[in-house]
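Following: one structure in structure tokens, then a few remarks.
Lettering of chains follows the sequences in order, A, B, ..., and the numbering in each one begins at 1.
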Amino acid sequence: MKELDKKYNHEEVENGKYETWLKKNLFKCEEESSKKPFCIVLPPPNVTGVLHLGHAWNVTLQDIIIRYKKMEGYDCLWLPGMDHAAIATEAKVVKRLKDKGINKYEYGREKFLEACWDWTKEHGDIIREQWAKLGIALDYSKERFTLDEGLSKAVRKVFVDYYNEGLIYRGEKIINWDPEAKTALSNEEVIYKEVEGAFYHLKYKLEDSDEYLDVATTRPETLFGDTAVAVNENDKRYQKFVGKNVILPIVNKPIPVITDEHADMEKGTGVVKITPAHDPNDFEVGNRHQLERIVVLNDDGTMNENAGIYQGMSREACREKLVKDLEEQGLLLQIEPLKHEVGHSERTGVMVEPMIKKQWFVRMRPLADHVLEVQKDKKKKVNFVPSRYEKTMNHWMEITYDWCISRQLWWGHRIPAWYKEDEVYVGMEAPKGDGWVQDEDVLDTWFSSALWPFATLGWPDNTKLLEKYYPNQCLVTGYDIIPFWVNRMTFQGEKLLGQRPFEDVLIHGLIRDKLGRKFSKSLGNGIDPFDMIDSYGADALRYYLASDVAPGTDMRFDEEKIKAAWNFINKLWNASRFVLTNIQGLQKISLDYLKNEDKWILTKLEKTIHEVKKFMDKYQFNNAASTIYEFTWNYFCDYYIEIAKYSLDQESTKSTLCYVLTSVLKMLQPFMPFVTEEIYSHMPIKEEACLMTCSYPKQVKKYIFEKEEEAVDDAIEFVRRFRNIKAENNMSKELKVMFDTEDDNNIIVKMLKLDGNIVKQPLGMKAYKVFSKYIKATIFFERVETEADKVLKENQIQVLKASIERREKLLANENYVKKAPEKIVELDRQKLAEEKKKLEELLKDESID
RNA sequence: GGGCGUUUAGCUCAGUUGGUUAGAGCAUCUGCCUUACAAGCAGAGGGUCUGGAGUUCGAGUCUCUAAACGCCCACCA
């Protein structure tokens, strides 16, 4: 058995381990076993790029769950995969081709898709390497891609069934148009940003009259599509105009003045221009009044032939020129500056254009209503951690409307619809016969990822995998994609399989920079998690990511904390070295003849195990981590190992060291798999070849010794007070100590290295009393009392007096004694007695000199 | 406009069902190369928990209210 290296070197420790784990098939699920299943599907990262810190956080949390559950005896399946990310990837590939001077449309669909597959392969390989560096326990035998054959089958199945059921339809509606990517977008893909705009007040003259209406608009360039002007029917100001025509400026065309509920008397001038082809509200108005729909924009965002002389201009240029022309013609009444929110494309960043288009939609109401119904049932609902995020989903379900799923892109699942003149065929395969042309469009990338929890398990076929691992037990994702993904998986799972897709959803936040800003390219504040791994190791990064914040909250990145995590690992490493060199040759762990300190550390350990499991089960890894940290550093290293140094020849000491360290390694394994496996491999006694296949520690009641725990706690308390007094008084090593209590003060003598300094009689030197609950001693030392000493003692007395007074008052309060739990009251009584004793001694002490 | 979150030590964060004198890491100060660890050890200082009101024997924790910051959703002709 090779010894542990003198220095903890994360690079050496982590190097090669992942490959070994893969070779040993340690990450594979055990389909055939009778163990209870625990399944997580990995939120598939987009193949657009490589993994960032947010991904590292996301997968670390999942890996901790999976590794924990494996040790807890579950058959775990953590299913990896990637997302083709239709629009995002397409944008990247378009750019790559453009840089080479190639135009997507000239290149052609087939070759373009080849380029997309190349891109996917390249980035997929990088991502897999990154997963390996992070050490995550993915079952690669089940890896999937959102654009693979299986997903394609599932997608087509859903599309066809929904179409036949009337849940998917094709229709002309106002959709969000991305003029850069030249595709429709869903509501969720539009981000509203505040921009500096203006209210343009335009003069719509009454036909054959000098009178006019003041029409305010933020989008003057859409006036070419105006087909009416609306006022509220109760608006007395404009009643006389209703039924008449106004002349559309520039176009010089009469359009009617109508009444419609959409016109709000309170807003603006109370007159609203109606552009049915470019505004969702106006579209509805147009439907109510059978107004013509005039599209004025081309797909690339330039003005079309309906814009007359402005044809070919960009939206922005047209607005500028138009406003100038209106002003010249005296048709511009006023420009009122206005800050307002305008929709931008999530992917390309350009302003989104509401446009009327023929697209495919999912009818959302019935699907969403069903989820709302299910969420009322505690046994059937999706449980969010933290629970507040349930509201985010429910609210979305309440207000969502039909989902535009067709995209005018090439990279994605092609819509399984074929057209022949006026006929439409929707089916799993192309229809027989000539003349059928398939829909050119593909589906929203989220349409396929919404099927991820079950399509990856073989749905729509009724596979064993599906039967065993659906519903998934858990999903881990950021709150920012609840609308895009979690919600959609939920309604699809409910509809298609009649069950929630996952029992729990663990939500985490976003990682921000040290100043709380989002990471962004323009700020240049990005952190590459793999740089951090190079510097501190994956274990340190993982521990940091898992332990920094409570579930559901954002995290501010702080490299100092990774350093602190590294220090902790280094501490573990050194403690392990100490233990390993001292338990060489240990044959078996025997915990039958235990000393007080052994019983003490075992008790602390068993209590720690209980706490840690409680936190792990609630996904509170931050609390679990700090509980283990405290035990390892503050109890095991700071006290037990120090005391153990005096009895390293004893079996009980060796056994206890071995047993405790093994338990610590097990608890830390999910957080820091590399280093814990490395240390475990050197242990002389092992229950399994690998730590990760060991069982998780369970609290053993017989190793809880309350009496000994209290006694050693008290001894430690004494040691702490002793050291304090020693430090505050600048005592030399030559001090002498007289114990006033009969107890076995073995531990204290060792901890304080008092051997040879113990006296049986008081000495004629300055004396100082030290107390804990059970132990009392006098320190004698050579030193002249200074003014500072007196002040210090006086302060101590004051603090004690105040505390005693507070407690006496509290205990004199009948209400408190009557209503508070007895335990609490009893504790106060004890504490009071102690304090009184201490005060008495302290006061008496003044006479000793 | 609707909803949600945050506000605790100099900084970053914990704080379970209300219950001893509110914790950690980092930073600061003091003393130590004590043979696992100086990336360490020992000791210390530092917060009344954003403000106000209430419920309670008891509030960082529950209720109401105000403020600052942040996020989500919707709308703005």
Note: [X]-[Y] ion pair, threshold 4.0 Å (strictly below):
X       : Y       : answer
E826(A) : K823(A) : no
E353(A) : R219(A) : yes
E611(A) : K607(A) : no
K773(A) : D714(A) : no
E808(A) : K836(A) : yes
E560(A) : K563(A) : yes

Sugar-phosphate, base or nothing in reach of [X], heavy atoms under 4.0 Å:
X       : value
N281(A) : sugar-phosphate
P821(A) : base
Q830(A) : nothing
N623(A) : sugar-phosphate
A564(A) : sugar-phosphate
F568(A) : nothing
E835(A) : base
S576(A) : nothing
I641(A) : base
A230(A) : nothing
T581(A) : nothing
N813(A) : sugar-phosphate
W573(A) : nothing
A575(A) : base

Closest to the [X] side chain, choosing from [options]:
X       : options                : result
Y192(A) : C75(B), C37(B), G15(B) : C75(B)
R512(A) : A36(B), C75(B), C71(B) : C71(B)
A550(A) : A39(B), A36(B), G15(B) : G15(B)
K831(A) : G25(B), C37(B), U20(B) : U20(B)

Would you call the rings of F621(A) and Y619(A) parallel, tilted or perpendicular if under 30° counts as parallel and over 60° as perpendicular? perpendicular

Look at the rings of Y544(A) and F557(A) and say which category their plane angle falls in: under 30° parallel, 30 to 60° tilted, over 60° perpendicular. perpendicular

Does any non-hydrogen side-chain atom of T218(A) lie less than 4.5 Å from one of F199(A)? yes

Do we see a donor-acceptor contact under 3.5 Å between the side chains of H10(A) and W566(A)? yes

Just wondering, are more than 12 heavy atoms of other shown residues or ligands nearer than 6.0 Å to CD in E194(A)? yes

Hey, is CZ on F519(A) packed in by over 12 heavy atoms from elsewhere, all under 6.0 Å? yes

Using the [atom1] atom as the reference point in each nucleotide, state the distance between [N] and [M] in Å, no decimals.
N      : M      : atom1 : value
G23(B) : A36(B) : P     : 32 Å
U56(B) : A9(B)  : P     : 30 Å
U55(B) : A44(B) : P     : 40 Å
A68(B) : G51(B) : P     : 16 Å
A42(B) : A27(B) : P     : 16 Å
C64(B) : C72(B) : C1'   : 25 Å
C37(B) : G45(B) : C1'   : 26 Å
C49(B) : A22(B) : P     : 11 Å

Length of the line joining [X]:[atom1] and [N]:[atom2], which is rounded to integer Å:
X       : N      : atom1 : atom2 : result
R219(A) : C76(B) : CZ    : P     : 12 Å
H340(A) : G1(B)  : NE2   : C1'   : 18 Å
Y389(A) : C71(B) : OH    : P     : 13 Å
D480(A) : G70(B) : CG    : C1'   : 15 Å
N570(A) : A36(B) : CG    : P     : 14 Å
R577(A) : U35(B) : CZ    : C1'   : 11 Å
F484(A) : C73(B) : CZ    : C1'   : 13 Å
N567(A) : G25(B) : CG    : P     : 12 Å

Check: E642(A) side chain, A36(B) base, donor-acceptor under 3.5 Å: yes

OP1 or OP2 of [N] under 4.0 Å from side-chain N/O of [X]:
X       : N      : answer
W633(A) : A36(B) : no
N622(A) : A24(B) : no
S547(A) : A14(B) : no
R807(A) : U20(B) : no
N724(A) : A44(B) : yes
R556(A) : U12(B) : yes
K571(A) : C41(B) : yes
K726(A) : G31(B) : no

Nearest-nucleotide comparison on RNA chain B, the residue closer to the 5′ end among N187(A) and V272(A): N187(A)

Closest-nucleotide mapping onto RNA chain B: is K753(A) or D548(A) further toward the 5' terminus? I mean the 5' end. D548(A)

Pairs counted as Watson-Crick or G-U wobble with both distances under 3.5 Å: what dot-bracket string results for RNA chain B, using | for bases tied to another strand? (((((((..((((.....[...)))).(((((.......))))).....(((((..]....))))))))))))....

